[in-house]
J.: 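My structure is below; once you've seen it, I'll send some questions.
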Amino acid sequence: MGPAGGRTRGQGAYARRMRTDRGQGKFYAAGWLISAGVMVVTFRMWQLHVREVEQRADEAERTRDEAAQRRAMEERLRIARELHDSLTHSISVIQVQSGVAEHLARKRGEEVPPALLAIQEAGADAARACASWTAWWHARVQPGSP
């Protein structure tokens, strides 16, 4: 044992070094623990971010699909309207022309040809069918749609 408390000079240095080494070891262990915790939190945040990005991508795809379906439906509606307008106009012209032809035939005292009467009847039937289709269509179209 040495002069100051029974320890030699070498033993005191060793004890100090041991206390310092244990403190550094605890410090390093705490550092590793904190690093692992930060890594776990970072990984979890990354997972949440990836999930959010995937959900946004899915939503964007659904939105694109719905927009494409809506555009296709609008195009079909536009074609149906144009076809209806064209048919209605043609039928109206046929009815007017056959009506004028019938009127002229009666005015001249001629017999109205059966084909002309058949044309008038077919035109009237077609006009009724178009009106019926239009009523059916308007009953199903949502209010305020074009």
Side-chain angles (χ1 to χ4, degrees), residues 5 7 9-146:
R7 286 193 222 155
R9 189 174 235 254
Q11 288 176 339
Y14 176 76
R16 278 192 308 274
R17 195 173 68 233
M18 286 304 292
R19 280 194 306 267
T20 304
D21 286 347
R22 275 189 232 132
Q24 284 179 344
K26 288 179 182 178
F27 180 73
Y28 287 141
W32 279 107
L33 184 64
I34 290 170
S35 296
V38 166
M39 192 168 60
V40 166
V41 168
T42 302
F43 180 72
R44 182 65 181 145
M45 289 175 65
W46 178 76
Q47 282 180 324
L48 292 172
H49 174 71
V50 167
R51 184 177 301 143
E52 182 182 336
V53 168
E54 288 173 347
Q55 288 173 346
R56 277 191 259 151
D58 290 344
E59 180 65 25
E61 186 176 345
R62 272 193 303 277
T63 302
R64 279 191 303 272
D65 290 345
E66 290 170 359
Q69 289 175 350
R70 188 180 66 249
R71 284 191 304 272
M73 181 59 80
E74 288 171 354
E75 180 65 14
R76 286 186 205 115
L77 180 60
R78 184 190 64 77
I79 291 169
R81 285 184 177 148
E82 287 180 10
L83 180 61
H84 175 265
D85 291 346
S86 177
L87 284 173
T88 303
H89 176 74
S90 297
I91 291 168
S92 296
V93 168
I94 291 169
Q95 283 185 298
V96 168
Q97 288 177 345
S98 65
V100 169
E102 179 189 3
H103 174 73
L104 290 175
R106 290 187 195 276
K107 186 175 179 182
R108 294 182 190 146
E110 300 172 357
E111 185 177 326
V112 179
L116 189 56
L117 295 175
I119 290 172
Q120 280 188 312
E121 186 177 333
D125 289 344
R128 280 191 295 277
C130 281
S132 173
W133 183 87
T134 302
W136 173 85
W137 180 253
H138 285 292
R140 280 152 185 77
V141 174
Q142 295 177 356
S145 66

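Here the structure is a predicted model, which is why all the values come from computation and not from measurement.
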J.: Walk me through whether L77 and M73 qualify under side chain to side chain contact (heavy atoms under 4.5 Å, CB included).
T.: CA-CA 6 Å; L77 180 60; M73 181 59 80; 5.6 Å; no

J.: Heavy-atom distance under 4.5 Å between the side chains of Q120 and L117, does that happen here?
T.: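 Sidechains of L117 and Q120: in contact.
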
J.: Do L48 and E52 come close enough that some side-chain heavy atom pair is under 4.5 Å?
T.: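 Answer no - side chains too far apart.
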
J.: Do R44 and Q47 touch side chain to side chain, with heavy atoms closer than 4.5 Å?
T.: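 SC-SC contact between R44 and Q47 confirmed.
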
J.: Distance check, rounded to the nearest 0.5 Å: T63 atom OG1 versus R70 atom CZ?
T.: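 Going from OG1 on T63 over to CZ on R70, the span is 9.5 Å.
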
J.: I need the minimum non-hydrogen distance between I91 and A127, along with the two atoms involved.
T.: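 Looks like CG2-N, 3.9 Å.
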
J.: What's the spacing between L87 CG and C130 SG if we round to 0.5 Å?
T.: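 Here the rounded value is 5.5 Å.
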
J.: Is R71 salt-bridged to E74, going by a charged N under 4.0 Å from an acidic O?
T.: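 No salt bridge links R71 with E74.
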
J.: With the side chain counted from C-beta on, respond yes when V100 and H103 share a heavy-atom pair under 4.5 Å apart, and no when they do not.
T.: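 V100 does not reach H103 side chain to side chain.
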
J.: Rounded to the nearest 0.5 Å, what separation is found between the CG atom of L104 and the CD atom of E102?
T.: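 One finds 10.5 Å between CG of L104 and CD of E102.
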
J.: Less than 4.0 angstrom from a charged side-chain N to a carboxylate O is my criterion; do R62 and E59 meet it?
T.: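 Between E59 and R62 there is a salt bridge, with a charged N closer than 4.0 Å to a carboxylate O.
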
J.: Under the side chain to side chain contact (heavy atoms under 4.5 Å, CB included) rule, what do M39 and T42 come out as? Steps first, then yes or no, please.
T.: CA-CA 5 Å; M39 192 168 60; T42 302; 5.7 Å; no

J.: Out of curiosity, D125 CG to S132 OG, how far, rounded to the nearest 0.5 Å?
T.: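 That separation rounds to 12.0 Å.
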
J.: Donor-acceptor pair, distance only, cut-off 3.5 Å: does the side chain of S92 make one with the backbone of T88?
T.: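 Checking the backbone N and O of T88 against the side chain of S92, a donor-acceptor pair under 3.5 Å is found.
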
J.: With a 4.5 Å limit on heavy-atom distance, are the side chains of H89 and D85 in contact?
T.: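 They are not in contact (no side-chain heavy atoms under 4.5 Å apart), so the answer is no.
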
J.: Does E82 CD have over 12 foreign heavy atoms under 6.0 Å away?
T.: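 More than 12 within 6.0 Å, yes.
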
